[in-house]
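Here is the structure we will look at.
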There are 2 protein chains.
Amino acid sequence: MTEPRWLDAVQQRSWRAYVDGSLRLTELMDRDLKSKHGLSISEYEILVRLSEAPERRLRMAELAANASQSRSRLSHTCSRLESKALVERGSCPNDKRGVYAHLTDEGFAVLERAARDHVETVRSYFVDVIDPQDLDAIGRAFSAVIKSLDSA
Amino acid sequence: MTEPRWLDAVQQRSWRAYVDGSLRLTELMDRDLKSKHGLSISEYEILVRLSEAPERRLRMAELAANASQSRSRLSHTCSRLESKALVERGSCPNDKRGVYAHLTDEGFAVLERAARDHVETVRSYFVDVIDPQDLDAIGRAFSAVIKSLDSA
DNA sequence: ACAACCTAGTTGATACTTCAACTATTTCCC
DNA sequence: GGGAAATAGTTGAAGTATCAACTAGGTTGT
(Lines give C-alpha, C1' and ligand atoms only; values in the text may rest on other atoms or scores of the structure.)
Protein backbone atom coordinates (compact mmCIF):
# COMPACT_ATOMS: atom_id res chain seq x y z
CA MET A 1 0.00 0.00 0.00
CA THR A 2 1.51 3.28 -1.10
CA GLU A 3 1.56 6.29 1.18
CA PRO A 4 -1.27 8.68 0.27
CA ARG A 5 -0.40 12.12 -1.05
CA TRP A 6 -1.60 14.12 1.96
CA LEU A 7 -2.42 17.79 1.54
CA ASP A 8 0.21 20.27 2.62
CA ALA A 9 -0.63 22.89 5.23
CA VAL A 10 -1.64 25.55 2.72
CA GLN A 11 -3.85 23.22 0.73
CA GLN A 12 -5.45 21.91 3.86
CA ARG A 13 -6.20 25.40 5.11
CA SER A 14 -8.01 26.26 1.87
CA TRP A 15 -9.85 22.98 1.73
CA ARG A 16 -11.08 23.23 5.29
CA ALA A 17 -12.11 26.85 4.96
CA TYR A 18 -14.12 25.87 1.93
CA VAL A 19 -15.74 22.83 3.55
CA ASP A 20 -16.71 24.66 6.70
CA GLY A 21 -17.70 27.90 5.00
CA SER A 22 -19.86 26.28 2.37
CA LEU A 23 -21.57 24.04 4.89
CA ARG A 24 -22.48 26.97 7.07
CA LEU A 25 -23.43 29.19 4.17
CA THR A 26 -25.80 26.59 2.79
CA GLU A 27 -27.41 26.10 6.15
CA LEU A 28 -27.93 29.81 6.60
CA MET A 29 -29.55 30.16 3.20
CA ASP A 30 -31.73 27.17 3.73
CA ARG A 31 -33.01 28.44 7.07
CA ASP A 32 -33.45 31.90 5.62
CA LEU A 33 -35.47 30.80 2.62
CA LYS A 34 -37.49 28.42 4.73
CA SER A 35 -38.42 30.93 7.39
CA LYS A 36 -39.20 33.81 5.05
CA HIS A 37 -40.69 32.02 2.06
CA GLY A 38 -41.35 28.44 3.05
CA LEU A 39 -38.89 27.10 0.49
CA SER A 40 -35.91 24.83 0.95
CA ILE A 41 -32.78 25.52 -1.07
CA SER A 42 -33.50 22.66 -3.43
CA GLU A 43 -37.08 23.77 -3.97
CA TYR A 44 -35.77 27.24 -4.68
CA GLU A 45 -33.26 25.94 -7.20
CA ILE A 46 -35.97 24.06 -9.02
CA LEU A 47 -38.17 27.12 -9.26
CA VAL A 48 -35.22 29.13 -10.58
CA ARG A 49 -34.50 26.65 -13.36
CA LEU A 50 -38.13 26.51 -14.36
CA SER A 51 -38.45 30.28 -14.40
CA GLU A 52 -35.54 30.50 -16.83
CA ALA A 53 -36.79 27.82 -19.18
CA PRO A 54 -38.83 28.63 -22.30
CA GLU A 55 -42.52 28.70 -21.37
CA ARG A 56 -41.39 28.15 -17.78
CA ARG A 57 -41.44 24.41 -18.15
CA LEU A 58 -38.99 21.56 -18.45
CA ARG A 59 -39.01 17.82 -18.76
CA MET A 60 -38.32 16.13 -15.44
CA ALA A 61 -35.05 14.58 -16.56
CA GLU A 62 -33.79 17.86 -17.92
CA LEU A 63 -34.76 19.65 -14.75
CA ALA A 64 -33.04 17.03 -12.65
CA ALA A 65 -29.82 17.34 -14.65
CA ASN A 66 -30.07 21.12 -14.53
CA ALA A 67 -30.41 21.22 -10.78
CA SER A 68 -27.94 18.37 -10.19
CA GLN A 69 -30.52 16.29 -8.39
CA SER A 70 -31.46 12.65 -8.73
CA ARG A 71 -34.68 11.92 -10.55
CA SER A 72 -36.12 10.34 -7.48
CA ARG A 73 -35.42 13.36 -5.36
CA LEU A 74 -36.83 15.67 -8.00
CA SER A 75 -39.95 13.58 -8.20
CA HIS A 76 -40.54 13.82 -4.47
CA THR A 77 -39.71 17.51 -4.35
CA CYS A 78 -42.00 18.23 -7.29
CA SER A 79 -44.83 16.48 -5.53
CA ARG A 80 -44.37 18.80 -2.58
CA LEU A 81 -44.16 21.86 -4.82
CA GLU A 82 -47.26 20.69 -6.62
CA SER A 83 -49.15 20.35 -3.38
CA LYS A 84 -48.20 23.95 -2.65
CA ALA A 85 -49.52 24.89 -6.11
CA LEU A 86 -46.17 26.34 -7.18
CA VAL A 87 -45.62 23.77 -9.90
CA GLU A 88 -47.91 21.74 -12.14
CA ARG A 89 -47.10 18.53 -13.91
CA GLY A 90 -48.37 17.85 -17.40
CA SER A 91 -47.86 15.11 -19.92
CA CYS A 92 -45.66 15.33 -22.96
CA PRO A 93 -47.17 15.06 -26.48
CA ASN A 94 -44.30 13.38 -28.32
CA ASP A 95 -43.11 11.06 -25.59
CA LYS A 96 -45.81 9.36 -23.61
CA ARG A 97 -43.33 8.51 -20.85
CA GLY A 98 -42.42 12.16 -20.49
CA VAL A 99 -43.65 14.65 -17.91
CA TYR A 100 -43.39 18.41 -18.02
CA ALA A 101 -42.96 20.41 -14.85
CA HIS A 102 -44.47 23.85 -15.28
CA LEU A 103 -44.04 26.87 -13.01
CA THR A 104 -47.44 28.29 -12.06
CA ASP A 105 -48.12 32.01 -11.79
CA GLU A 106 -48.19 31.64 -8.05
CA GLY A 107 -44.90 29.77 -8.19
CA PHE A 108 -43.40 32.59 -10.18
CA ALA A 109 -44.70 35.16 -7.72
CA VAL A 110 -43.29 33.26 -4.75
CA LEU A 111 -39.97 32.85 -6.51
CA GLU A 112 -39.80 36.54 -7.35
CA ARG A 113 -40.21 37.49 -3.72
CA ALA A 114 -37.80 34.84 -2.52
CA ALA A 115 -35.15 35.83 -5.06
CA ARG A 116 -35.14 39.41 -3.85
CA ASP A 117 -34.29 38.29 -0.35
CA HIS A 118 -31.99 35.55 -1.47
CA VAL A 119 -29.74 37.77 -3.57
CA GLU A 120 -29.34 40.03 -0.58
CA THR A 121 -28.16 37.09 1.51
CA VAL A 122 -25.82 35.93 -1.23
CA ARG A 123 -24.31 39.40 -1.26
CA SER A 124 -24.09 39.83 2.50
CA TYR A 125 -22.30 36.58 3.19
CA PHE A 126 -20.57 35.80 -0.08
CA VAL A 127 -20.21 38.22 -2.97
CA ASP A 128 -19.74 41.38 -0.96
CA VAL A 129 -17.27 39.92 1.51
CA ILE A 130 -15.03 38.40 -1.17
CA ASP A 131 -12.43 40.32 -3.13
CA PRO A 132 -13.59 40.50 -6.79
CA GLN A 133 -10.43 38.81 -8.00
CA ASP A 134 -10.92 35.99 -5.54
CA LEU A 135 -14.49 35.68 -6.73
CA ASP A 136 -13.21 35.23 -10.28
CA ALA A 137 -10.83 32.61 -8.99
CA ILE A 138 -13.78 30.78 -7.43
CA GLY A 139 -15.55 30.82 -10.77
CA ARG A 140 -12.52 29.38 -12.53
CA ALA A 141 -11.85 26.85 -9.82
CA PHE A 142 -15.34 25.44 -9.54
CA SER A 143 -15.77 25.34 -13.29
CA ALA A 144 -12.70 23.11 -13.30
CA VAL A 145 -14.21 21.02 -10.52
CA ILE A 146 -17.42 20.60 -12.49
CA LYS A 147 -15.46 19.63 -15.56
CA SER A 148 -13.56 17.00 -13.65
CA LEU A 149 -16.79 15.65 -12.20
CA ASP A 150 -18.37 15.51 -15.64
CA SER A 151 -15.58 13.46 -17.05
CA ALA A 152 -15.54 11.13 -14.05
CA MET B 1 -39.76 48.46 -1.92
CA THR B 2 -36.32 49.19 -3.34
CA GLU B 3 -34.96 47.29 -6.33
CA PRO B 4 -32.63 44.53 -5.16
CA ARG B 5 -28.97 44.68 -6.07
CA TRP B 6 -28.90 41.78 -8.51
CA LEU B 7 -25.61 40.09 -9.29
CA ASP B 8 -23.90 41.09 -12.52
CA ALA B 9 -23.07 38.45 -15.13
CA VAL B 10 -19.56 37.79 -13.84
CA GLN B 11 -20.64 37.50 -10.22
CA GLN B 12 -23.49 35.24 -11.17
CA ARG B 13 -21.22 32.98 -13.18
CA SER B 14 -18.93 32.53 -10.17
CA TRP B 15 -21.77 32.07 -7.73
CA ARG B 16 -23.47 29.44 -9.83
CA ALA B 17 -20.29 27.55 -10.57
CA TYR B 18 -19.67 27.42 -6.85
CA VAL B 19 -23.20 26.33 -5.95
CA ASP B 20 -23.36 23.61 -8.54
CA GLY B 21 -19.77 22.45 -8.12
CA SER B 22 -19.92 22.22 -4.37
CA LEU B 23 -23.25 20.43 -4.41
CA ARG B 24 -21.94 17.81 -6.78
CA LEU B 25 -18.60 17.50 -5.06
CA THR B 26 -20.24 16.89 -1.70
CA GLU B 27 -22.51 14.27 -3.16
CA LEU B 28 -19.63 12.47 -4.78
CA MET B 29 -17.65 12.41 -1.56
CA ASP B 30 -20.62 11.28 0.45
CA ARG B 31 -21.35 8.39 -1.89
CA ASP B 32 -17.69 7.52 -2.04
CA LEU B 33 -17.17 7.40 1.71
CA LYS B 34 -20.42 5.56 2.18
CA SER B 35 -19.75 2.85 -0.37
CA LYS B 36 -16.13 2.25 0.56
CA HIS B 37 -16.18 2.81 4.31
CA GLY B 38 -19.80 2.98 5.42
CA LEU B 39 -19.42 6.56 6.62
CA SER B 40 -21.40 9.63 5.67
CA ILE B 41 -19.58 12.92 5.25
CA SER B 42 -20.80 14.21 8.57
CA GLU B 43 -19.82 11.02 10.37
CA TYR B 44 -16.41 11.32 8.77
CA GLU B 45 -16.06 14.93 9.88
CA ILE B 46 -16.86 13.98 13.43
CA LEU B 47 -14.28 11.23 13.48
CA VAL B 48 -11.70 13.65 12.08
CA ARG B 49 -12.32 16.21 14.81
CA LEU B 50 -12.16 13.57 17.50
CA SER B 51 -8.94 12.13 16.11
CA GLU B 52 -7.30 15.54 16.33
CA ALA B 53 -8.43 16.31 19.86
CA PRO B 54 -6.26 15.59 22.89
CA GLU B 55 -6.92 12.04 24.08
CA ARG B 56 -9.19 11.67 21.06
CA ARG B 57 -12.16 12.97 22.93
CA LEU B 58 -14.27 16.12 23.07
CA ARG B 59 -17.30 17.42 24.88
CA MET B 60 -20.42 17.16 22.77
CA ALA B 61 -20.94 20.90 22.56
CA GLU B 62 -17.37 21.50 21.53
CA LEU B 63 -17.54 18.79 18.92
CA ALA B 64 -20.77 20.22 17.56
CA ALA B 65 -19.26 23.69 17.25
CA ASN B 66 -16.14 22.24 15.70
CA ALA B 67 -18.02 20.37 13.04
CA SER B 68 -20.60 23.12 12.51
CA GLN B 69 -23.47 20.83 13.39
CA SER B 70 -26.44 21.35 15.65
CA ARG B 71 -26.33 19.59 18.99
CA SER B 72 -29.36 17.59 18.09
CA ARG B 73 -27.83 16.36 14.89
CA LEU B 74 -24.59 15.49 16.62
CA SER B 75 -26.48 13.59 19.27
CA HIS B 76 -28.24 11.45 16.67
CA THR B 77 -25.11 10.95 14.63
CA CYS B 78 -23.12 9.99 17.71
CA SER B 79 -25.70 7.40 18.60
CA ARG B 80 -25.23 5.83 15.20
CA LEU B 81 -21.45 5.97 15.48
CA GLU B 82 -21.71 4.44 18.92
CA SER B 83 -23.80 1.59 17.63
CA LYS B 84 -21.06 0.96 15.07
CA ALA B 85 -18.56 0.97 17.94
CA LEU B 86 -16.54 3.79 16.39
CA VAL B 87 -17.27 6.21 19.22
CA GLU B 88 -17.97 5.83 22.91
CA ARG B 89 -19.74 8.27 25.16
CA GLY B 90 -18.56 8.84 28.69
CA SER B 91 -19.55 11.17 31.45
CA CYS B 92 -17.64 14.21 32.52
CA PRO B 93 -16.13 14.41 36.03
CA ASN B 94 -16.42 18.15 36.66
CA ASP B 95 -19.73 18.78 34.98
CA LYS B 96 -22.37 16.17 35.56
CA ARG B 97 -24.38 17.44 32.62
CA GLY B 98 -21.42 16.96 30.33
CA VAL B 99 -20.72 14.07 27.98
CA TYR B 100 -17.46 13.18 26.34
CA ALA B 101 -17.39 11.59 22.92
CA HIS B 102 -14.33 9.39 22.58
CA LEU B 103 -12.93 7.85 19.42
CA THR B 104 -12.43 4.11 19.89
CA ASP B 105 -9.45 2.24 18.49
CA GLU B 106 -11.71 0.75 15.90
CA GLY B 107 -13.02 4.20 15.07
CA PHE B 108 -9.48 5.41 14.59
CA ALA B 109 -8.67 2.47 12.36
CA VAL B 110 -11.75 3.04 10.21
CA LEU B 111 -10.96 6.73 9.97
CA GLU B 112 -7.38 6.04 8.96
CA ARG B 113 -8.48 3.87 6.07
CA ALA B 114 -11.21 6.29 5.03
CA ALA B 115 -8.88 9.28 5.14
CA ARG B 116 -6.46 7.63 2.74
CA ASP B 117 -9.18 7.26 0.16
CA HIS B 118 -10.78 10.57 0.94
CA VAL B 119 -7.66 12.62 0.40
CA GLU B 120 -7.26 11.00 -2.98
CA THR B 121 -10.79 12.07 -3.92
CA VAL B 122 -10.20 15.58 -2.61
CA ARG B 123 -7.15 15.77 -4.82
CA SER B 124 -8.71 14.26 -7.92
CA TYR B 125 -11.73 16.52 -8.00
CA PHE B 126 -10.58 19.60 -6.14
CA VAL B 127 -6.99 20.34 -5.19
CA ASP B 128 -5.31 18.91 -8.25
CA VAL B 129 -7.70 20.45 -10.79
CA ILE B 130 -7.45 23.95 -9.31
CA ASP B 131 -4.62 26.37 -10.00
CA PRO B 132 -2.64 26.84 -6.76
CA GLN B 133 -3.24 30.58 -6.81
CA ASP B 134 -6.95 30.03 -7.19
CA LEU B 135 -6.82 27.59 -4.32
CA ASP B 136 -5.28 30.29 -2.16
CA ALA B 137 -8.03 32.63 -3.26
CA ILE B 138 -10.59 30.05 -2.12
CA GLY B 139 -8.92 29.94 1.27
CA ARG B 140 -9.03 33.71 1.62
CA ALA B 141 -12.57 33.96 0.30
CA PHE B 142 -14.12 31.30 2.50
CA SER B 143 -12.28 32.54 5.56
CA ALA B 144 -13.99 35.85 4.89
CA VAL B 145 -17.32 34.08 4.47
CA ILE B 146 -16.85 32.31 7.79
CA LYS B 147 -15.94 35.57 9.45
CA SER B 148 -19.07 37.24 8.14
CA LEU B 149 -21.17 34.30 9.31
CA ASP B 150 -19.59 34.45 12.75
CA SER B 151 -20.46 38.08 13.21
CA ALA B 152 -24.00 37.59 11.92
C1' DA C 1 -30.43 28.69 50.61
C1' DC C 2 -33.65 29.27 47.18
C1' DA C 3 -35.78 31.06 43.03
C1' DA C 4 -34.94 32.39 38.39
C1' DC C 5 -32.32 31.66 34.81
C1' DC C 6 -28.85 29.58 31.85
C1' DT C 7 -26.25 25.69 29.70
C1' DA C 8 -25.54 20.50 28.24
C1' DG C 9 -27.41 17.06 26.04
C1' DT C 10 -31.22 13.93 24.50
C1' DT C 11 -35.56 12.65 22.50
C1' DG C 12 -39.51 12.08 19.36
C1' DA C 13 -42.25 13.81 15.63
C1' DT C 14 -42.00 15.43 11.17
C1' DA C 15 -39.79 16.39 6.90
C1' DC C 16 -36.49 15.32 3.48
C1' DT C 17 -33.03 12.22 0.96
C1' DT C 18 -31.45 7.96 -0.85
C1' DC C 19 -31.73 3.58 -2.80
C1' DA C 20 -33.67 -0.18 -5.09
C1' DA C 21 -37.61 -1.89 -7.29
C1' DC C 22 -41.21 -1.06 -10.31
C1' DT C 23 -44.35 0.37 -14.61
C1' DA C 24 -44.65 2.25 -18.98
C1' DT C 25 -42.83 3.68 -23.17
C1' DT C 26 -39.33 4.04 -26.70
C1' DT C 27 -35.17 2.52 -29.29
C1' DC C 28 -32.20 -0.78 -31.25
C1' DC C 29 -31.27 -4.23 -34.29
C1' DC C 30 -31.65 -8.73 -36.26
C1' DG D 1 -42.19 -6.43 -36.76
C1' DG D 2 -40.86 -8.34 -32.58
C1' DG D 3 -37.99 -9.21 -28.57
C1' DA D 4 -34.02 -7.24 -25.86
C1' DA D 5 -32.33 -3.42 -23.93
C1' DA D 6 -32.42 1.32 -22.79
C1' DT D 7 -34.91 5.56 -20.98
C1' DA D 8 -38.61 8.42 -18.25
C1' DG D 9 -40.59 8.79 -14.28
C1' DT D 10 -42.72 7.22 -9.81
C1' DT D 11 -43.04 4.78 -5.52
C1' DG D 12 -42.15 2.94 -0.80
C1' DA D 13 -38.93 1.79 2.66
C1' DA D 14 -35.16 2.97 5.29
C1' DG D 15 -31.90 6.35 6.69
C1' DT D 16 -30.83 11.05 8.06
C1' DA D 17 -31.88 16.03 9.34
C1' DT D 18 -34.54 19.59 11.73
C1' DC D 19 -37.27 21.56 15.17
C1' DA D 20 -39.40 22.07 19.48
C1' DA D 21 -39.98 20.11 23.82
C1' DC D 22 -37.88 18.04 27.52
C1' DT D 23 -34.63 16.48 31.67
C1' DA D 24 -30.99 17.54 34.47
C1' DG D 25 -27.34 20.03 36.27
C1' DG D 26 -25.05 24.52 37.00
C1' DT D 27 -24.96 29.81 37.95
C1' DT D 28 -26.46 34.05 39.69
C1' DG D 29 -28.26 37.24 42.89
C1' DT D 30 -30.53 38.33 47.01
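Below, chain A is the first sequence line, B the second, and so on; all start at residue 1.
- For the helix from dA1(C)-dT30(D) to dC30(C)-dG1(D), the end axes, each set by the C1' atoms of five terminal pairs, are bent relative to each other by 30° (nearest 10°).
- Within residues 25-40 of chain B, no residue approaches DNA chain D, by heavy-atom distance under 4.0 Å.
- Counting all heavy atoms, side chain and backbone alike, G98(A) lies closest to R59(A) at CA-NH2, 3.4 Å.
- Contact footprint of chain B on DNA chain C: nucleotides with an atom under 4.0 Å from a non-hydrogen protein atom, first to last in 5' to 3' order, dT7(C) to dC19(C).
- Remark: the S14(A) side chain and the R140(B) side chain contain no N/O donor-acceptor pair separated by less than 3.5 Å.
- Annotation: side chain of L39(B) is not in contact with side chain of K34(B) (no heavy-atom distance under 4.5 Å).
- Each of R71(B) and R73(A) has a nearest nucleotide on DNA chain C; the 5'-most of these lies closest to R71(B).
- OP1 or OP2 of dT16(D) lies within a sub-4.0 Å distance of a side-chain N or O belonging to R80(B).
- Under the 4.0 Å criterion applied to side-chain N and carboxylate O atoms, E43(B) and K84(B) are assigned as salt-bridge partners.
- A side-chain donor from one of D32(B) and T121(B) sits under 3.5 Å from a side-chain acceptor of the other.
- Other residues, nucleotides and ligands place more than 12 heavy atoms under 6.0 Å from the CG atom of D150(A).
- By the side-chain hydrogen bond (donor to acceptor under 3.5 Å, both in side chains) test, H37(B) pairs with D117(B), sequence neighbours left out.
- Classified by interplanar angle (parallel below 30°, tilted 30° to 60°, perpendicular above 60°), the ring pair F142(A)/Y18(A) is tilted.
- Within the nucleic acid shown, S70(B) has no heavy atom closer than 4.0 Å to any nucleic acid atom.
- More than 12 heavy atoms of other residues, nucleotides or ligands lie within 6.0 Å of CD in E52(A), so this atom counts as buried by the packing criterion.
- Of the residues in residues 84-98 of chain B, N94(B), D95(B), K96(B), R97(B) come within less than 4.0 Å of DNA chain D through at least one heavy atom, sorted by number.
- Residue-level contact check: S79(B) touches neither bases nor backbone, having no heavy atom under 4.0 Å from any strand.
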Nucleotide N/O of nucleotides 12-14 of chain D paired with protein N/O under 3.5 Å:
residue, atom, partner, partner atom, Å
dG12(D), O6, H76(A), NE2, 2.8

